[in-house]
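Report on one structure; see the data block that follows.
As the structure is a prediction and not an experimental result, all values here were calculated from the model.
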Amino acid sequence: MRWYCYDWYKRPENKMTRYNDPEALDTVASESLLSQEERREADHQQEEMLQHIYKVLPCLTLSRQTILTLYFKYGLSHGQIARRYTQSNSAIHHELQKGLDQLKRMIHTQKRLATTTVAPTLPVQAERALGPQELALYRMRREAKMGFAEIAERMGMPQGEVQRQYVQLCIRLQKNLVA
């Protein structure tokens, strides 16, 4: 009986090409329930993401650009691309992964730079309460977004001392602002 079922399932006329995967049934059902407005919104988000990709794609090396284009745009397999480049499948797979990682980093960096916020500024009474060294430390850390090592180097102090002073400064500022 088992072999009879296998044979029946293997026949081309009995294959359900679109519904073989149970997860595909969920996506088909959810797609049919989406309203036109939700579909437009999803299409708009996808188009926006493609625009981000097209902006940063020229920043990749020419070979990675070509490999990514052949794979995603033209649908070539790793093997087909490997034969074209006379490389192994694993080398092409590795280049694809590196290219995708590089694209992701560039896109996220671009988004982060686009949504940078204005650094918090101190109220006037807090500025008056701080000494010149403390104010410089606060501005380098909060407004210039410098690391403690760089601040310590600029101020000519040990990094541990800079961190200790910054923590004490923050505690003092919180007490002054709350009071």
Side-chain angles (χ1 to χ4, degrees), residues 23 27 30 38 41-74 76-79 81-82 84-179:
E23 292 176 4
T27 58
S30 65
E38 290 170 333
E41 179 65 29
D43 289 342
H44 176 70
Q45 288 175 350
Q46 190 174 13
E47 184 64 33
E48 189 175 299
M49 183 52 87
L50 282 173
Q51 293 305 320
H52 285 300
I53 291 171
Y54 288 138
K55 280 182 190 175
V56 297
L57 193 62
C59 298
L60 297 175
T61 62
L62 190 58
S63 66
R64 280 197 184 147
Q65 285 180 36
T66 308
I67 290 172
L68 285 169
T69 304
L70 290 173
Y71 186 75
F72 288 108
K73 190 173 182 180
Y74 296 110
L76 296 181
S77 68
H78 291 128
I81 298 170
R84 183 174 280 196
Y85 274 90
T86 62
Q87 292 183 353
S88 67
N89 288 352
S90 61
I92 296 299
H93 175 75
H94 185 69
E95 279 298 310
L96 273 171
Q97 290 303 314
K98 281 180 132 179
L100 287 174
D101 291 342
Q102 199 173 3
L103 276 176
K104 286 177 190 176
R105 274 194 313 261
M106 284 192 259
I107 289 171
H108 290 302
T109 302
Q110 189 180 42
K111 283 182 181 179
R112 192 176 26 215
L113 290 175
T115 60
T116 54
T117 57
V118 177
T121 57
L122 278 172
V124 177
Q125 75 252 18
E127 276 191 33
R128 290 182 190 148
L130 298 177
Q133 185 178 6
E134 292 172 328
L135 190 59
L137 172 64
Y138 180 83
R139 287 201 169 133
M140 282 190 264
R141 180 67 180 167
R142 295 295 293 257
E143 295 173 6
K145 307 261 188 237
M146 297 169 104
F148 286 116
E150 190 176 352
I151 294 171
E153 188 178 307
R154 285 198 180 182
M155 296 181 87
M157 298 169 56
Q159 183 176 346
E161 179 66 23
V162 170
Q163 289 174 334
R164 188 185 61 73
Q165 282 186 9
Y166 182 74
V167 169
Q168 288 177 346
L169 173 70
C170 287
I171 292 170
R172 246 179 57 210
L173 286 174
Q174 282 179 342
K175 286 180 182 176
N176 286 343
L177 294 176
V178 171

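In terms of heavy atoms, I67 sits closest to I81 at O-CD1, 4.0 Å.
When the side chain to side chain contact (heavy atoms under 4.5 Å, CB included) test is applied to A136, the partners found at least two apart in sequence or on another chain are M140.
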Donor-acceptor pairs under 3.5 angstrom involving side-chain atoms of residues 148-156: please list them, not counting sequence neighbours.
none

Identify every side-chain donor-acceptor pair in residues 92-104 under 3.5 Å, counting partners at least two apart or on other chains, and give the distances.
from	atom 1	to	atom 2	distance (Å)
E95	OE1	R64	NE	2.9
Q102	OE1	R64	NH1	2.7

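For the residue pair Q168/R164, the side-chain donor-acceptor check at 3.5 Å is satisfied.
By the 4.5 Å heavy-atom criterion applied to side chains, L169 and Y138 are counted as neighbours. At least one side-chain heavy atom of Q165 sits under 4.5 Å from a side-chain heavy atom of M157. Residues H52 and M106 have side chains not in contact (no heavy-atom distance under 4.5 Å, counting atoms from C-beta outward).
Atom CG in L76 sits 10.5 Å away from atom OH in Y71 (nearest 0.5 Å). The distance from the CZ atom of R142 to the OH atom of Y166 is 4.5 Å, given to the nearest 0.5 Å. For the atom pair L68 CG and Y74 OH, the distance stands at 13.0 Å (nearest 0.5 Å).
Side-chain N or O atoms of R141 include one that pairs as donor or acceptor with a backbone N or O of M146 at under 3.5 Å.
Across E41, E48, E47, a single residue satisfies side chain to side chain contact (heavy atoms under 4.5 Å, CB included) together with Q45, and that is E41.
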